[in-house]
Structures are given as structure tokens and as C-alpha cells.
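Working notes for the structure below.
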Protein chains: 2
Amino acid sequence: MNSNEFREFGKAMVDYIADYIDNVRDRNVIPSVSPGYLEKEMPQEAPVDGERWEDVLKDIDKLIMPGVTHWQSPKFHAYFPTSNSFPGVVGEMLCAGIGCLGFSWMTSPACTELEVIAMNWLGKLLGLPEEFLNCSEGPGGGVIQGTASEATLVGLLAAKERVVRLFTKTYPSLTEGDIKSKLVAYTSDQANSSVEKAGILASVPMVHLPSDSNGSLRGDVLREAIEKDKGAGLIPCYVVATLGTTGTCAFDNLEELGVVCNDENVWLHVDAAYAGAAFVCPEYRYLMKGIELSDSFNFNPHKWMLVNFDCSAMWVKDARYLVEAFNVDRIYLQHQHEGSAPDYRHWQIPLGRRFRALKLWFVLRIYGAEGIRRHIRHQIQLAKHFEDLVNMDPRFEVNTSSMGLVCFRLQGDNELTQQLLDKINAAKRIYVIPCYIREKFVIRFAICSRITTTEDINFSWAEIVSHVSPHLTN
Amino acid sequence: MNSNEFREFGKAMVDYIADYIDNVRDRNVIPSVSPGYLEKEMPQEAPVDGERWEDVLKDIDKLIMPGVTHWQSPKFHAYFPTSNSFPGVVGEMLCAGIGCLGFSWMTSPACTELEVIAMNWLGKLLGLPEEFLNCSEGPGGGVIQGTASEATLVGLLAAKERVVRLFTKTYPSLTEGDIKSKLVAYTSDQANSSVEKAGILASVPMVHLPSDSNGSLRGDVLREAIEKDKGAGLIPCYVVATLGTTGTCAFDNLEELGVVCNDENVWLHVDAAYAGAAFVCPEYRYLMKGIELSDSFNFNPHKWMLVNFDCSAMWVKDARYLVEAFNVDRIYLQHQHEGSAPDYRHWQIPLGRRFRALKLWFVLRIYGAEGIRRHIRHQIQLAKHFEDLVNMDPRFEVNTSSMGLVCFRLQGDNELTQQLLDKINAAKRIYVIPCYIREKFVIRFAICSRITTTEDINFSWAEIVSHVSPHLTN
């Protein structure tokens, strides 16, 4: 394909994407296909000769779209949002077009430097403590990871490095293997599955501590667990606090946890994957009180802040632990400017990294701080509107409401809500998923699409109500 | 930004990318900026109000491009290629436009199913053994990872899982901690830095075994190391063989290593990050003889096979070890079709994953098998042409030539070649990096850009020769 054909194909794709977003609310949000649907429609092998792009584009509608779950539909209320914005898409295009890698400053200075700058802008926008920023005097800084899963794992590996260094110094008789075999980490029983997975990947047991009745992990629970484990000869090294849990968007008590972690010299990582975006609005920053006591902080602009996946923003107070944990150098990676800018390969799991700062920079500039705040506040208003609708119907109860997420259920046995959920999703017009709050089975209703309106919420609520069994009268 | 503005901005970006690639050879491949250049040009904070996209686009030329190292330039000969093709760019656009996540079948059936199909097509195109493919009867299958680094780590974690299961069954008195503390893995002294990093991340010592005079790791060296370590009470669990090393594109002897690994019940992972793409051409498949003895195989279509970064193709013979190592389930991740298609979140480190199969599918269809083979063969011919040019100049010697990579140096002391390298890169017109072959300092010359022509190679050679000190006469 030459560049003239690309101009045609690329522009046709721009129109395709614009049309897709313009009309996405008219599609069933859940596809009607059965497993294996695509295999039946596809050849067994790649074509021998190249095909026309027009034929590939036709197949998007014919073969791909029937199997897509439409995360950008205003009728998608499952999980949490996955960002999609026009500036974000164009940023991703340019990233692909330039096609550079930025594993060291030298391999594309702009790639590293724009990331440093965009992460400083973003950190300031959130009101993060100065010491987390690259532009501070100290060893702190920000980096774009692929996902919150990776950020949690990177934090854990840095914490391991720190504690191993500390213990080998303090107790020279201990081997690294001895120390590693005694490590233990903590999180709440509400933490995302990726936190448990990080523990598995890093071979550090991840203890799930009980959250309080609001789904919040508290300091005294952590302190008790640490003291008990230390008494048993274990070495506590890492705590993952969640700001905005996956189940109900609950907030751990960072201030209490931070004090315990600082007392015990345990690395505190804050996973604010979804809710962190709300800190662009000063009125929500009280929820991250205590952030200055943490060692690392992560949130996903690719969830709720209009930057296309993948863009997970992580800041650390002291990047030297990352670099020391990950530094594996070779002559072909060396360059004369080492040390003058972060060589981000030492801040992450993979070696290769693309120019993701472009899409973050595009979003920050084209929306502006106020545009992003408007987006967050509007989505929270929509959730409030949904909450009001539920509250007005006495057959239902609202169990939690936090940020853009409302958890609700039918009054009575769990089975009623389970049946309702099954009917809603079987109809495929809106998409919701469940969770448990203690023993209660609830439906999570998240505001996900950027283009959601009050009318969309009214539609979704009417859809929910339409599936309530008629014998459940008001 | 509404969809009409996106149509304008997106199409302007398509033209920008087309123009960039059309004219990339006219730019200095290495930028002239110093560390910190961008900070001086940028505001300290994100704008309060949104800016016009036209202004952002202007700043690409003004601020970003001066700091880009042009990996897509035909004058870029450093590292290995990072793919960039027009179908790949458009595939990435659509992935961003749809903006779905595919961590389970249900979250977007097309995302999982197209990945299964494209990985089957690709595996067949490479001539991989049937048992690696999803379409085989057994538990094998393919998955798209972000990078070869991740694939190596995923393989290691699966190998750990397998050996821990085996040993706890055979020796019930051993704890998991006991077993893990005795694990050891092996690779060659030529392996990429990411292999050593995988060992660090997974807390398994990665032993670097000496390669032979061709840079190839041989079976007897591995067998000896395993026997010695077993004698010392260690548990060998993982071997990473490289097909196409970063330094010289050397190939480990897979057939010999495979026999040893099978004898010893050690997981054999094959890292063919760069050179694996050549196996689309049957005439190069002899270099992967023994592949049927391996447990996992990985190569990067995003390196040499025209799919934009990131797209790292990994196949495993038995995916159950991955799933068992990584499976961390929650009620909100469950769906009624579990087991009928791979839930790829269990095959990788992160939870989230985007629709990367689109760009792979676009490339396979629009190039076709023959188009991809033509690309590979053409690039190897260009390397051969460069090798011939070096060989015709008696001041130089060719040290290795393999696939699209030629290593060469000036006759005489290393210092001469080091000085030459410094001069070449200081001039910024072409970009090359060094490596050591045993005690010899050599320059690596890789064919990287998709658009490279014979004239480009002649230009690069003339540029190299122009920096040879005049007192080195023919």
C-alpha cells in the first residue's frame, strides 16, 4: 500500500470511526453471537495475495461489528469506562505514524521529554504532592504504564528491592532468598483481581484484609495484621490501597493506612485506577487525603479521563528503587546523555515502549483542564440522576453511590436481583454486571460512555424497570 | 471536539502521517536537541481552556519533530526495525476508535475470536507445529502480547507453575517456598537484556551460558550446566533460546537445546523477536529446526513483519500452565460462555487488553502471505548488498551477516571503529549502534525501514566511508 492509498484508506477509516461513535447508541450494546461465530465466516489461512483495503473495510461491518461489545455506547454500564475521545484517537494515530520507540532518551528524545512534561501537567492537575513530580528537586517522577495491573506489579517489585536492600544491610547473615521467602503484602478484600495477580507474579503472598462496612480498609486492621505477621517472623513490605474499588467505588482510608505504613517502613501503593481522574476536581481531593504518606500512586487516564487505552499514569516518590530493581544494561542500550533524563525502560516491565505521551498531551490541550473537569462532573451528575430514579421506585434500593457508579438491587431475596440482571443482559439493550456487597447481590450501574446524556440514563432505567416481574408491584 | 471536527482533524493527521513517511528520508535521522530541550518550549501546566486542534498540529512540527529519532527513516540502522506500515496504522486507528477491551470473550467476542484466527493464520504462515495452534485439538494456542519481554516473563511464570506443581506432587515434604528458592533458569550470553530482566522480575536466577564462536548456544553447554546445578541441589526450570540475537542475529541450536530440555523436563522458550518473521519464507525455516521440542515460541510482528508496535506473537504448547499461573477470578469477570473460547486475561500480565488483532489482520490481508515474503526477502537482499559494499573495501571487515543485520568494523584496533562510530552518529545523517563480538568492537548495520532502497544503502555506505580517517588508505 503506497501513501496515496493510505490517504484514501485512512480518511475512510476516520469517517468510519466518526460514524461509529455518532451511531453507537443505536446498536445493541451486547452482541448476539455465539462462541466460534467468526471462525465459521473466515478462511483457514491468510490470503496468498494481498487484498483491496475496500474489501477489508467491508468486512469490518460484516464480520467484526456483529461481535463487538460496544464499550463506547451510552448503554454500556458494565465494569468501568474505557476512555475514547477524538483527540485521544488522533494522538494514537500519530503515535503509530511516527512509529518510534522510547526506551531511552536517545532513541527518541521527544518521546521521553513529552512524557515527563505531560506527567508533570497531569500530576499538577490532580493536586499531587510536589515530590511525586519529575519537575521537583527530588528523585520522584511520573511514567506512563500500560495498565494499573503493571503499575501495581512495578510498585511491588520496587518495594521488594527496597526491603531486600534494607534487610541485607541490617541483618548481614540473612540471604536474599531468606528475606524474599518471608515477604508479605496486604490489600483489602475489595481490591481488584490484578492486585492479587501482582502478588502471584512477584511470588509475594497478598493478604486480603477485611474492609469496613463502607468497603474501606482502615488503619487499625492493617496495623493488627502487620503486628501479627511480624510476630510470626514475616516481613511486611507492600500495601495496596484502593481509591475507588471495582465493586462499589469505595475509598480506603489513606490517611490511616499511610501512618501505619510509614511507622512500619512498608511501601504504600495507591491504586486509583478509575476514581483518580476525579481529583482533577478540587472538591473530590478530600478522598485522597493522606496521599503524601504514600510511595507510589497510579490512576488510569484511559479509564475516565478521555485518553484511549493504554495510558496508566504512575508516580513514585523515589524512582531510584525502580531503576535499581530493573536496570539491566547492555552496550547497545548505552548513550552519552544517560542520567540527564529518565531512561524509562528502567521504570517498567517491558523494554519497548511507544509514544503514548502524544495522546495524553492531545487530550490535555484540546480539552483543557476545565474541559476535563466538566466531563467528570457531568458524569457524576448523570450517576446522581440515576440514583434519584432508583430511589423513587420503592421496589428498589440504592446500596452505594460513588462517583459515576451506583449499586442497586430489588428489595428482597438476592434471587430477584439475579433474575433481573439475567433478563436485562439477555435483552442486550443495556449492559450491567453484578457484585456482592457483603451478602447482598447487587447490580453495578456505571456511567461509561463519554457521550452519555440524561435521556440515555432515562432509557437505561426504563429498560431495567421493564424487566421487573409484574407481580412486584409498586 | 465533536465528530465533525474529528473528521477534519483525523484527515489532516492522515495527510500528516503520509507526508511524514513520504519525506522521512530527507530528515536527519538523529535529532540535534539536548536533554531538556522541550521543557524550555512548554508551559509549566496544562491549559485551563481547550485549544484548537490546528494549534496542536502546528506544534508537532515545531516542538515534537525536532526531538524525534526517525525509526522509519531508511537511514536508521540501529537496534532492529520497529514496524510501521499503512495497513498497520489504519488497524491501530480502528482499535482506538472501537475502544473496547477484550479481557474475556464476553467483553468483546470479536476481539478474542479475531485474535484466535489471526494467530492461527500467522502460525501457519510461519510453519509452526500444529500443536501450537488454537485450531489444533490439544491445549496449545497463540496470544498477542505487548512485547517479547512480557512473553519471556509469561513463559517463565508458567514454567515456575509447572515445576512447582510437579515437585510438590513428587516430594510432598517440600514447601512451595523451598522449591522456588532452588529454581534456576538459563540463557545464552548473547540473550537480550529483557531475558535477564525476566529472571529478576520473577526472582529466578538467570544463568548466562557461553555461546560458541558463532554466538550460538549449544546443547552440551546447557546439559553440563544443568547437571552441575542439579548436583548442587538446584532445580532447573526454564531455558530461553534465542533465534536472532540482538548483537549479531545469531541462532541458538534449538535442536540440541530441545533434546536436553525434554530429557530434563525443563520448559524451553524460544525468543525469535526479530528473526522469527523470516520463517514466513520456507527457505529460512531450517533455522528453527527443533521448534517442536519447545514449549513456547515468541516473535514480534511489530519488529520485522509490518505490524505497528505493540504486537508480539506468542504460542504455547499447553496454555493450561498459563491459565493456572494467572487465574484470579472475581464475580464481575465471570460470564456464561467461559471455557468455550480463551479468556486471554489469563494468558498475560495485565488484565486489560485492546483489540490488537485488528492491525495484525489488516496486515495479513492487505499484504497477503506473498507480500510479506517479498518484504522479508527484499530486506535480506539489501543487507547482502551492504555486505558486498563492505567486502569490496579492504579497510573494512565483515564480522557477521545474518538476515537484515551486518556487523562490520575497520581492520585494526577497536579504537578505530569506535572513533568511526562516534563520527557517524555525531553527523546524525545515519544511525548505527555498536556491539562486541568477543573482544572485537563492531558496528551493527540493520536494515530497518520498510521503504529502504538500494540507493539508501549506497547513501549510508558513502556516509560511513566519508568518516574514515584519510590516513587509512585503501
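Quick caveat, the model's predicted, so the values are computed rather than measured. Letters go in sequence order (proteins before strands), and every chain restarts at 1.
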Next on the checklist: For chain B, which candidate among A:N300, A:I17, A:I366 shows the most heavy-atom pairs at distances under 4.5 Å?
Outcome noted: A:I366
Checklist entry - When heavy-atom pairs shorter than 4.5 Å are enumerated against chain A, which of B:L364, B:V68, B:L201 gives the highest number? => result B:L201
Checklist outcome for this item: Bottom line for A:S149: the part with an atom under 4.5 Å from chain B's heavy atoms is side chain
Item to check | Spacing of CE belonging to A:M13 relative to CE belonging to B:M93, to within rounding of 0.5 Å | outcome: 6.5 Å
Next on the checklist: Let's test your reading of the structure: which of A:V89, A:V48, A:T147 forms the most heavy-atom pairs below 4.5 Å with chain B?
Outcome noted: A:V48
Checklist entry - So, are B:D55 and A:R365 salt-bridged, with charged N and O less than 4.0 Å apart? => result no
Checklist outcome for this item: Max heavy-atom pairs within cutoff under 4.5 Å with chain A, candidates B:Y20, B:W361, B:F76, B:Y367, goes to B:W361
Item to check | Cationic N near anionic O, under 4.0 Å, B:D15 to A:K11 | outcome: yes
Next on the checklist: Given heavy-atom pairs under 4.5 angstrom as the criterion, report whether the side chain, backbone, both or neither of A:S3 touches chain B.
Outcome noted: both
Checklist outcome for this item: Applying a strict 4.5 Å limit to non-hydrogen atoms, the region of A:P31 in contact with chain B is side chain
Item to check | Partners passing side chain to side chain donor-acceptor pair (under 3.5 Å) against A:E370 (at least two apart in sequence or in another chain) | outcome: A:R373
Item to check | A:F362 vs B:I60 side-chain heavy atoms within contact, under 4.5 Å | outcome: yes
Checklist outcome for this item: If you tally heavy-atom pairs under 4.5 Å between each of A:S312, A:S203, A:A198 and chain B, the highest tally belongs to A:S203
Checklist entry - Taking C-beta and beyond as the side chain, do A:I98 and B:M65 meet within less than 4.5 Å on heavy atoms? => result yes
Checklist outcome for this item: So, the part of B:E176 with a heavy atom under 4.5 Å from chain A: the answer is neither
Next on the checklist: Strictly distance-based, threshold 3.5 Å: is any side-chain N or O of A:E45 a donor or acceptor partner for the main-chain N or O of B:W121?
Outcome noted: no
Next on the checklist: Using side-chain heavy atoms (C-beta onward) and a distance below 4.5 Å, is A:N2 in contact with B:F86?
Outcome noted: no
Next on the checklist: If I measure from the heavy atoms of chain B, does A:I30 come under 4.5 Å with its side chain, its backbone, both, or neither?
Outcome noted: side chain
Next on the checklist: Assess the residue pair A:E39 and B:V116 against the criterion (side chain to side chain contact (heavy atoms under 4.5 Å, CB included)); give the C-alpha distance rounded to whole Å, side-chain angles, the decisive distance to 0.1 Å, and a yes or no.
Outcome noted: CA-CA 9 Å; A:E39 203 193 336; B:V116 168; over 6 Å; no
Item to check | Interchain contact, A:L157 with chain B, by part (heavy-atom threshold 4.5 Å) | outcome: side chain
Next on the checklist: Do B:L101 and A:H302 have side chains that approach each other closer than 4.5 Å (heavy atoms only, starting at C-beta)?
Outcome noted: no
Checklist entry - Out of A:G10, A:P47, A:G99, which one racks up the most heavy-atom pairs below 4.5 Å with chain B? => result A:P47
Checklist entry - chain B: which of A:L125, A:L94, A:N308, A:L114 shares the most heavy-atom pairs with it under 4.5 Å? => result A:L94
Checklist outcome for this item: Between B:C100 and A:W71, the two heavy atoms sitting closest are CB-CD1, 3.5 Å
Next on the checklist: Using a 3.5 Å distance criterion without hydrogens, assess whether the side chain of A:E113 forms a donor-acceptor pair with backbone atoms of B:Y37.
Outcome noted: yes
Item to check | Residue part contacting chain B, namely of A:M42, when any heavy atom lies under 4.5 Å | outcome: side chain
Next on the checklist: Tell me which of these, B:A12, B:G36, B:G146, has more heavy-atom pairs under 4.5 Å with chain A than the rest.
Outcome noted: B:G36
Checklist entry - How far apart are the closest heavy atoms of B:Y79 and A:T107, and which atoms are they? => result OH-CG2, 3.4 Å
Item to check | A:E5 versus chain B, the contacting section by heavy-atom distance below 4.5 Å | outcome: neither
Checklist entry - Do the non-hydrogen side-chain atoms of B:V90 and A:W53 ever get within less than 4.5 Å of each other? => result no
Checklist entry - What part of A:I117 gets closer than 4.5 Å to chain B, counting heavy atoms only: side chain, backbone, both or neither? => result side chain
Item to check | A:K160 versus chain B, the contacting section by heavy-atom distance below 4.5 Å | outcome: side chain
Checklist entry - chain B: which of A:S108, A:C111, A:A369 shares the most heavy-atom pairs with it under 4.5 Å? => result A:S108
Checklist entry - Picking from B:D22, B:D178, B:I21, which has the most non-hydrogen pairs under 4.5 angstrom with chain A? => result B:D22
Next on the checklist: Under 4.5 Å from any heavy atom of chain B, what part of A:L153 do you find: side chain, backbone, both or neither?
Outcome noted: side chain
Checklist entry - How far apart are the closest heavy atoms of B:I349 and A:K197, and which atoms are they? => result O-CE, 3.3 Å
Checklist entry - Hey, which of B:E92, B:E150, B:Q145, B:K124 has the most heavy atom pairs under 4.5 Å with chain A? => result B:K124
Checklist outcome for this item: When the 4.5 angstrom heavy-atom criterion is applied to A:P43 and chain B, the contacting part is both
Checklist entry - Can any side-chain N or O of B:T69 pair as donor or acceptor with the backbone N or O of A:M106 at less than 3.5 Å? => result yes
Item to check | Pair B:K180-A:S181, side-chain donor/acceptor within less than 3.5 Å | outcome: no
Checklist entry - With respect to chain A, which residue among B:A110, B:G88, B:G371, B:A202 yields the maximal number of heavy-atom pairs within a distance under 4.5 Å? => result B:A110
Item to check | Qualifying side-chain hydrogen bond (donor to acceptor under 3.5 Å, both in side chains) pairs with a residue from residues 81-90 of chain A, counting only residues at least two apart or across chains | outcome: none
Checklist entry - With ring centroids as reference points, do A:F309 and B:F355 lie under 6.0 angstrom apart? => result no
